[in-house]
Engineer: 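First, the structure itself, so that you have it in front of you.
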Amino acid sequence: MSSTAAQHYDAIIIGAGVTGLYQLYRLRELGLSVRVIEAASGVGGTWFWNRYPGCRFDSESESYAYSFSKELLQEWNWTEHYSPQPETLRYLNHVSDKFDLRKDIQFNTRVRAASFDAAANCWEVEAESGERARARYLITALGPLSAPMMPNIPGMENFRGTAFHTFNWPADPNGWGGKDVGYAGKRVGIIGTGATGVQVIQEIAKTAGHLTVFQRRPNWCSPLGNGPISAGEQAKIKASYPEIFQKCKTSFASMVHDSDPRSALDVSPEEREALFEKLYPGPGFSLWLGAFADIFTNQKANDLISDFVARKIRSRVKDPKIAEKLIPKDHGFGTRRVPLETRYYEVYNQPNVTLVDISETPIARITPEGIKTSDREYELDIIIYATGFDAVTGAITRIDITGEGGVKLKDKWASGPRSYLGLQSAGFPNLFTLVGPQGNSALCNVPRCAELNVEWVTDFIRHMRNNQQTCSQPSKEAEDAWVAQVAEVADATLLAKTDSWYTGSNVPGKKRTFLIWAGGNPAYREILADVAAKGYEGFELR
Ligand code: NA7
């Protein structure tokens with residue numbers, strides 16, 4: 001980018017995470033000049049930022065690997081079945097070095113705005129520094145969970161101890177992980193019990209002097225089943241990558257797990273219980289994604305699995321009153337993202353851990369000394385906000401994006417995102433939103449969905465170039481139909497009826513709408529292939 005005359009590229013990609021790195025690789029292969037603009041000082045996206053203790057995959061490590069290079073697959077050794085954040089960040093740096101990606105990435109540069117210049121048929125991107133660059137194609141690779149959300153609690157600025165959002169955990173200057181902020185032996189407060197909160201709570205509880213967990217609503221969690229990868233397992237993984245990726249291709253969430261197609265109501269209670277028991281210990285999302293398919297659509301089926309997990313929680317937490325507080329009452333198992341845990345529930349049996357139910361005694365304010373709820377003050381040295389993200393749309397709409405006729409994307413999306421296939425929005429020509437709203441962004445093993453999106457967009461750009469076309473955007477009709485289809489598919493599930501970041505209902509003021517394609521990845525893959533086979537049906541190309 002340049003602060004004087006804007007540098008011109010064929011494509012600008014915003015974000016150097018899992019998706020952006022692969023899009024760079026593919027577009028460079030196509031012969032395009034590409035600039036990746038990245039706010040962080042290094043590659044990795046979500047794995048660059050989330051350095052909190054305990055941060056790791058919930059996807060099987062081998063299923064998260066890039067599949068495009070056999071050599072990369074064979075030379076990389078994952079050390080745990082669910083890779084910890086420092087190892088994943090090291091992996092993404094290894095990929096960047098191996099394919100010499102860094103030379104096309106501008107770090108420490110946050111994009112402030114992007115506007116479409118119709119006369120020149122190109123996008124102009126402006127960084128917060130004022131630097132500018134122009135490109136025919138603008139591709140967002142921002143990740144679905146990269147706009148962290150701090151709560152708005154009175155007094156936050158007056159806290160005298162250390163406080164930060166998990167996304168902004170300070171980096172270890174000498175390593176890939178987070179800095180030791182000295183929580184061992186200290187009084188730590190954590191707000192939030194989503195997938196992040198669960199990972200960080202179970203880790204910090206090991207050494208904190210006292211850990212106080214401020215829980216607004218509990219989530220249904222199930223065991224991760226992590227462990228080291230032995231030499232024998234490593235060899236087996238390396239020999240079976242084609243089968244692993246094939247399995248991911250055919251499963252709903254692009255994972256190695258897939259649902260049992262029978263109804264939970266069609267089997268005997270004994271058989272049902274035996275399946276739940278088999279799946280409960282993991283590994284990974286065995287229980288969430290491997291149980292009966294109708295737990296996602298049929299309330300009665302869902303009640304059965306919820307009852308099973310509730311019994312597990314009761315059996316693991318000694319104090320029955322605390323156990324009840326940890327059992328969700330407002331939603332069923334799996335209708336929100338299931339946090340995976342390792343001895344999470346047992347944490348609440350420890351004398352150095354207190355659970356504060358802030359649905360009963362709400363946080364009144366942050367004081368210089370700690371957190372004051374409606375009934376008492378908790379003195380703390382460290383406050384950790386595990387309060388989540390303005391998911392899926394937030395990272396995109398935080399950029400001031402202006403399309404044809406001066407229309408702002410955030411205004412167009414004020415009542416919910418509007419796209420065709422999750423990839424383009426009418427009135428914003430040549431803007432592609434990878435792993436974006438209404439696409440396969442979050443009910444998915446992200447690298448698998450990223451590859452699907454990246455390869456499809458790369459083919460689309462190749463098609464346009466081969467046909468001397470320079471501009472694409474969806475027709476209004478195609479977009480309207482996709483918006484309706486995304487809503488219809490989601491409405492058939494219990495997920496759409498539940499408040500969560502999937503529906504945007506975790507963000508004050510955000511319009512409640514199901515933000516992602518809930519029809520599964522095999523169906524999404526088929527739709528994309530069909531659109532391409534019909535000459536990119538639904539797109540206006542010129
Ligand atoms: P989540 O799943 O959105 O969880 C955020 C948590 O923070 C959740 O327990 C919230 O309670 C709580 N929260 C949010 N705002 C507040 C305020 N103001 N006061 C108290 N508690 C609050 O985010 P995660 O980072 O855990 O996970 C996001 C995804 O990242 C995850 O699903 C994986 O895919 C990776 P609530 O439930 O809203 O009552």
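Atoms within each ligand, like the ligands themselves, are counted from 1 in listed order. Heads up: numbering here begins at 1 and tracks the sequence. All values below come from the heavy atoms of this structure, side chains included, with hydrogens, waters and symmetry mates left out.
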Engineer: For a quick test of your reading: what N or O donor-acceptor pairs under 3.5 Å do the side chains of residues 155-166 make, sequence neighbours left out?
Structural biologist:
{"unit_1": "Arg160", "atom_1": "NH1", "unit_2": "Glu369", "atom_2": "OE2", "d": "2.8"}
{"unit_1": "His165", "atom_1": "ND1", "unit_2": "Phe167", "atom_2": "N", "d": "3.0"}
{"unit_1": "His165", "atom_1": "NE2", "unit_2": "Gly388", "atom_2": "O", "d": "3.0"}

Engineer: Taking distance alone, with no angle check, do Asn219 and ligand 1 share an N/O pair under 3.5 Å?
Structural biologist: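 There is no such contact.
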
Engineer: How close does the nearest protein non-hydrogen atom get to atom 23 (O) of ligand 1, and which residue and atom is it?
Structural biologist: Gly388 CA, 3.2 Å

Engineer: Look only at interatomic distance and state if Ile358 has a nitrogen or oxygen under 3.5 Å from any nitrogen or oxygen of ligand 1.
Structural biologist: no

Engineer: Salt-bridged, Lys300 to Asp294, with N to O below 4.0 Å?
Structural biologist: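 No, this pair does not count.
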
Engineer: Got the closest protein heavy atom to atom 30 (O) of ligand 1, with its distance?
Structural biologist: Leu145 CD1, 3.5 Å

Engineer: Angle class for the Trp482/Tyr524 ring planes (parallel below 30°, perpendicular above 60°, tilted otherwise)?
Structural biologist: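 Rings of Trp482 and Tyr524: tilted, 30 to 60°.
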
Engineer: Identify, by atom number and element, the atoms of ligand 1 in contact range of Thr193, meaning under 4.0 Å from any of its heavy atoms.
Structural biologist: 6 (C), 8 (C), 9 (O)

Engineer: For the pair Arg448 and Glu451, find out whether any cationic side-chain nitrogen is under 4.0 Å from an anionic carboxylate oxygen.
Structural biologist: yes

Engineer: Should one rank Arg216, His165, Arg337 by closest heavy-atom distance to atom 11 (O) of ligand 1, which comes out on top?
Structural biologist: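 It is Arg216 that holds the nearest heavy atom.
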
Engineer: For Ala195, is at least one N or O under 3.5 Å away from an N or O on ligand 1?
Structural biologist: yes

Engineer: How are the rings of Tyr25 and Phe68 set to each other: parallel, tilted or perpendicular (split at 30° and 60°)?
Structural biologist: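 Tyr25 vs Phe68 ring planes: tilted.
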
Engineer: Suppose we measure from atom 12 (C) of ligand 1 to each protein heavy atom; which comes out shortest, and what is that distance?
Structural biologist: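 Looking only at protein heavy atoms, the one closest to atom 12 (C) of ligand 1 is Gly192 CA, 3.7 Å.
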
Engineer: Please list all pairs meeting side-chain hydrogen bond (donor to acceptor under 3.5 Å, both in side chains) that have one or both residues in residues 383-395, counting only residues at least two apart or in different chains.
Structural biologist: Asp390-Lys510, Thr393-Lys510

